[in-house]
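Here's the structure we're looking at; comments come further down.
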Amino acid sequence: MADADRDELAALVRGWTAHFEWGRESGAIALRRRGGASLPTAGEAPRVAAPVETPRVPAAVEAPSPAPVAHVVAPQPPRAPPIVEVAKPSPAPTPPAQAETRPLFEEPRRTFAPVVYAEERARLLTVVEDQARECRSCRLCEGRNQSVFARGSTNAELFFVGEAPGADEDRIGKPFVGAAGKLLDRILAAMKMSEDDVYIANVIKCRPPNNRPPEPDEAAACGPFLERQIELLRPKVIVAWGRTPTSFLLKKTESMTRLRGRWHEYMGIPVLVTWHPAYLLRNPDAKKDTWADMKLVLEKLGRPAPTGRA
Ligand code: URA
Ligand code: URA
C-alpha cells in the first residue's frame with residue numbers, strides 16, 4: 001500500500017476511534033443506519049462530515065477566522081458516521097482496493113440496542129444534557145441564556161416533541177413552560193395524564209432569536225441530541241407537535257393537514273402528528289382535531305379514552 005494511502009487510512013481510523021469513544025462516553029447504545037433517522041434535506045449543511053479527531057471541540061474555536069458562519073459548518077454533534085459510505089469520499093487518486101470491496105466495520109443494526117435500565121437511562125440522559133448545555137455547534141448558542149433539554153419522566157412511554165424554546169423556556173430552562181406549554185399541560189390533564197407520564201423535549205435546544213423557526217442547519221446540528229433522547233427513552237409513542245418535529249423526524253414534506261391525525265413511524269416507534277399548541281392558541285377551532293389525535297395516542301398506549309373533549 002502506498003504511504004499516502006496508509007496515512008489516509010490511519011487518519012480515518014483515528015477519526016473513527018475518536019468518534020466511537022465520544023459515542024461511548026455519551027451513552028450511545030446503537031448506531032443508526034444511514035437514512036434511518038434522518039435530517040433535513042434541502043439546503044442543509046453536508047450530512048457527511050469528514051471524521052474529526054476531537055469531535056467535542058467545535059471547529060469554530062480552532063479556525064483562524066472568527067466569522068460567525070464558521071459555527072454553521074462546524075462538525076456536527078453526536079452523529080453516527082455513515083458506515084457504508086466511508087470509503088467513497090476519498091480524494092486519493094488510487095483509493096485502497098480493500099476499502100472499496102470490504103467495509104471497515106460491520107453494518108449497524110437497523111433497530112436500537114436493548115433498552116437500558118431506568119437508572120442507567122437517567123444517568124446517560126444527564127450526560128447528554130451536559131453536552132447540550134456546552135454545545136456550540138451552531139449560531140443559536142450565542143443568544144441563549146441556557147439550553148433547554150427536557151422535562152417529565154425519563155421512564156415515560158409517551159414522548160412529546162416540540163420545536164424550540166421560546167423566551168419563557170430560555171429563562172426557566174424547561175420546555176413548554178410558557179403559554180403554549182400551559183395548553184399542553186391542559187391537554188395532558190384532559191388525557192388523565194401528568195408530567196410523570198410523559199417526557200417532553202424539543203428538536204432545538206436553544207432559543208432562536210425572536211422565536212423565528214429554526215433553520216435546517218440548526219436542526220441538523222442539534223437534532224442528534226433529540227435522537228439520543230429518543231433512543232434512550234425508547235418510548236411507546238411519540239407525538240410530533242407541529243411542523244418542525246414532523247419534518248425532522250419523518251422527513252415528509254406534505255402539508256400538516258395531510259400528515260396530522262395519522263400514524264407514522266420513526267425508527268419503528270409510532271409517531272402521531274398534530275397541531276402545535278401555539279397554533280392551537282391562534283386557531284382554537286383546530287383543538288378538536290388535536291383532541292381526536294390524543295384519543296388515538298391513548299388508544300395506542302392502552303389507556304382509557306376520557307369522554308368529552310379538552
Ligand atoms: N414551543 C415549543 O415548540 N417548545 C417549547 O418548549 C415552547 C414553545
Ligand atoms: N404550522 C406549524 O408549524 N405547526 C402547526 O401546528 C401548524 C402549522
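Heavy-atom basis, side chains included; hydrogens, waters and symmetry copies ignored. The first residue of the sequence shown is numbered 1, and numbering continues consecutively from there. Both ligands and their constituent atoms are indexed starting at 1 by order of listing.
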Any Lys/Arg nitrogen of [X] or [Y] sitting under 4.0 Å from an Asp/Glu carboxylate oxygen of the other?
X: Asp197; Y: Lys192; value: no
X: Glu218; Y: Arg212; value: yes
X: Arg151; Y: Asp185; value: yes
X: Arg207; Y: Glu169; value: no
X: Arg133; Y: Asp130; value: yes

(Q) If you count every heavy atom of other residues, nucleotides or ligands that lies below 6.0 Å from Glu299 atom CD, does the total exceed 12? (A)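 No, not enclosed.
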Q. Who's touching ligand 1 if we go heavy atoms under 4.0 Å?
A.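 Gly162, Glu163, Ala164, Glu169, Pro175, Phe176, Asn202, His276.
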